[in-house]
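Encoded as structure tokens, the structure appears first; notes follow it.
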Protein chains: 2
Amino acid sequence: MPTIREVAAYASVSAATVSRVMKGEVPVNAETRGRVEAAIAALGYAPNAFARSLASNRMGGVGLVISHLAGPFMGRVMMTLEATLRRANVSLLVASGGGEAGREQEAVDFLLGRRCDGLIVHADALSDAMLATLAATTPLVVFNRRVLEIDAHCIYLDNECGGYLATRHLLDQGHRHIACLTGPLRQQDAAGRLAGYQRALKERGIQVDEQAILEGDFTERSGEQGMAALLARAAPITAVVAGNDDMALGAMTILRARGVAIPQTLSLVGYDNEACARHVMPALTTVHAPLEEMAQEAAERLLKLVAGASLPAPTPFMPTLIERETVGPPLS
Amino acid sequence: MPTIREVAAYASVSAATVSRVMKGEVPVNAETRGRVEAAIAALGYAPNAFARSLASNRMGGVGLVISHLAGPFMGRVMMTLEATLRRANVSLLVASGGGEAGREQEAVDFLLGRRCDGLIVHADALSDAMLATLAATTPLVVFNRRVLEIDAHCIYLDNECGGYLATRHLLDQGHRHIACLTGPLRQQDAAGRLAGYQRALKERGIQVDEQAILEGDFTERSGEQGMAALLARAAPITAVVAGNDDMALGAMTILRARGVAIPQTLSLVGYDNEACARHVMPALTTVHAPLEEMAQEAAERLLKLVAGASLPAPTPFMPTLIERETVGPPLS
DNA sequence: CGCCATCATGAAACCGGTTTCATAAATACA
DNA sequence: TGTATTTATGAAACCGGTTTCATGATGGCG
């Protein structure tokens, strides 16, 4: 493993010149450059990443903090992030936090201790204040969440629009009694989806029935519980907007067990367009997020921030409705 | 951001002593140690990772090479890897290769260029020879694949056993005409599963019908094509062993379209126990791999290799059969 | 022809740890 | 009491790049 000085000696130049050739920016005589390049090739020289980092105080890598590594779409997000970053010759360090504030903070500290050049954070449990503080000292992109104080650092989906699209689709089919099974409302995405649901109803002059809104926690289990609770009510409903696909799946389990036909007796819309959504029976109508585009924008934005740019706030990404088989007109 | 020399000055000792206190192993006078620790606390000192890496020639992190980051179970694997590694204060760098040999090699080179202390490789496209060579120069763990020359570096599932379990389950139900829709047979996992299928049949004295073995590529699409081809044959079959759950899902799509009842007319077994498997109708009987345990063993083994240990070959991990609803006795 | 700007290059300092080696003090042993 | 051994510590070299600053060579311009 040759060092820069060995290359320099081989090419009869100084280490400084080899360094300049490696960078490529500063002017070097063509003949000299040729000799150096030949030496590099002959010796199979590759610069030592540690020495480079120490001298330049940049690590050449960014960190990714993720609440739920095993979540349904992290793979798609990471895939695009990794590809975009590597194209820029930047490596990706991953740390997970399991959705607990303490462990997520640990993950951040861990990556910061590794002197990452920047951070992409996809975490629920960290506070807005903490993220805003972090953004002041480190290039930071917040994924799938909006923090008002640092809008320019946030890549997120317009969840309100997604909730609206789902609900309006049901309204368009003629439904008037639509329940909503939400995620944890302290989380922004869940709250946004609910707001969209409410806007769609109001827009059509339909009174929002607070009893028909049940808060869950995005798990299948809570979808089951919510659906069971809705069925136990006296008030009739003909459709349900679920907080995400997992909750919708839970709801379907209950409906199947009770012999409620989908979509004949009850229509259902999910959110996220997980892999499963296409495969269940009937196939789940759901809301799709352009995750790959979001991830690419996140990576590119972070790279610019690392390079010192200051950027305007991005526009939110827009969800689309995927129509499948769980929605139909109400019985009558 | 104080340096070690500032801490040293504050505590009226030399940088060497501070370094020793940080490490904790070498003997330092209790009183001196106390002063140094106080200085560290007072100044909020944290050692510079680059300088440390440069001097010690260890980066304190390992690389993960993954063919398909968005695959159905990478999340579960990464989650356990990350947690195990971080407990040892080792960071995880991720690089993907999209299943192409060239890009996977690039990913390896990229991580090696970053001077990772070791590598976990979960890749189909890299050759056995390449991996064996790599293992000679770098601490390496190969995940979900067996390379005979470097058995001690491989963490893998006994796929032969998985194929056997799936097939024997069908045999136990009374099936005698069982087809097999395999993955790409140049891949070890697909070939292993097929071998298990064949062993189970032979064990019961059933002639293996080569016409009933169709090679696919683990995609849903190839499951559809395979199933269609099987239905087009004259020879009757009452059950199918699929190479993985995706192929089983594809097969189900075709069967549903043709009005073939599962499991009344045809039984079906998948492989991998993806999230979907529980949710499809009927719920898919499949083979489950203990991914978390495998990932933990992989991480721990790599850490030991990095530390310089030389280890005996691990025992293969054993799959289990998850019985759900796609298998029943044959009609007649 | 002489002066100043430009270009190409090398020497050396620097980044901030780790590690070796030497030394000084303390203890053990005869 | 004198020598051998252990223990604690500091000085300085070292890891391998980057970057600043100085110097020498070239060339343009009045």
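These numbers come from the heavy atoms of this one structure, side chains and all, not from hydrogens, waters or symmetry mates.
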If each of B:Glu31 and A:Ala55 is mapped to the nucleotide of DNA chain D with the nearest heavy atom, which maps nearer the 5' terminus, i.e. the 5' end? B:Glu31

Measure the shortest side-chain to side-chain distance between A:Leu302 and A:Pro139 over non-hydrogen atoms and say whether it is less than 4.5 angstrom. yes

Those residues at least two apart in sequence (or on a different chain) that pass ring-ring contact (aromatic ring centres under 6.0 Å, His included) with B:His122 are B:Phe143

Any pair counted as side-chain hydrogen bond (donor to acceptor under 3.5 Å, both in side chains), so long as it reaches residues 62-78 of chain A, sequence neighbours left out: A:Ser67-A:Glu104, A:Arg76-A:Glu292

Pairs satisfying side-chain hydrogen bond (donor to acceptor under 3.5 Å, both in side chains), at least one member in residues 42-59 of chain B, at least two apart: none

B:Asn29 has an atom CG; how far is it from atom C1' of D:dG10, in whole Å? 15 Å

On DNA chain C, which is the earliest and which the latest nucleotide, 5' to 3', with an atom closer than 4.0 Å to a heavy atom of chain B? C:dG16 to C:dT20

Through what angle, rounded to 10 degrees, does the axis of the helix from C:dC1-D:dG30 to C:dA30-D:dT1 turn between its ends, using five pairs per end? 40°

Which residues pass the ring-ring contact (aromatic ring centres under 6.0 Å, His included) test with A:Phe50, sequence neighbours left out? none

Side-chain donor or acceptor of B:Asp117 paired with backbone N/O of B:Val62 under 3.5 Å: no

Please output the side-chain donor-acceptor pairs of residues 11-20 of chain B that fall under 3.5 Å, not counting sequence neighbours, one pair per line with the distance.
unit_1	atom_1	unit_2	atom_2	d
B:Ser14	OG	B:Ala16	N	3.4
B:Ser14	OG	B:Thr17	N	3.4
B:Ser14	OG	B:Thr17	OG1	3.4

Could you check whether A:Ser19 gets within reach of a base, just the sugar-phosphate, or nothing at all, counting any heavy atom under 4.0 Å? base

Expected list for residues 46-54 of chain B near DNA chain D, using heavy atoms below 4.0 Å, is B:Leu54

Can you name the nearest heavy-atom pair linking B:Gly98 to B:Arg103, along with the distance? CA-NH1, 4.0 Å

Going by side-chain contact (heavy atoms from CB on, under 4.5 Å), B:Val108 matches just one of B:Leu119, B:Leu140, B:Leu131. Which one? B:Leu119

Please list all pairs meeting side-chain hydrogen bond (donor to acceptor under 3.5 Å, both in side chains) that have one or both residues in residues 30-40 of chain A, counting only residues at least two apart or in different chains. A:Glu31-A:Arg35

Does anything in residues 133-148 of chain A pair up under side-chain hydrogen bond (donor to acceptor under 3.5 Å, both in side chains), and if so which pairs, sequence neighbours excluded? A:Asp128-A:Arg145, A:Arg146-A:Asp151, A:Arg146-A:Tyr156

To the nearest Å, give me how far apart CZ (B:Arg20) and P (D:dG10) are. 8 Å

Strictly below 4.0 Å, heavy-atom distances to any atom of DNA chain C: list the hits from residues 4-18 of chain B, or just say none. B:Ile4, B:Arg5, B:Ala16

Which pairs with one or both residues in residues 4-19 of chain A pass salt bridge (Lys or Arg N to Asp or Glu O under 4.0 Å), sequence neighbours excluded? none

Got more than 12 heavy atoms from elsewhere within 6.0 Å of CZ, A:Phe73? yes

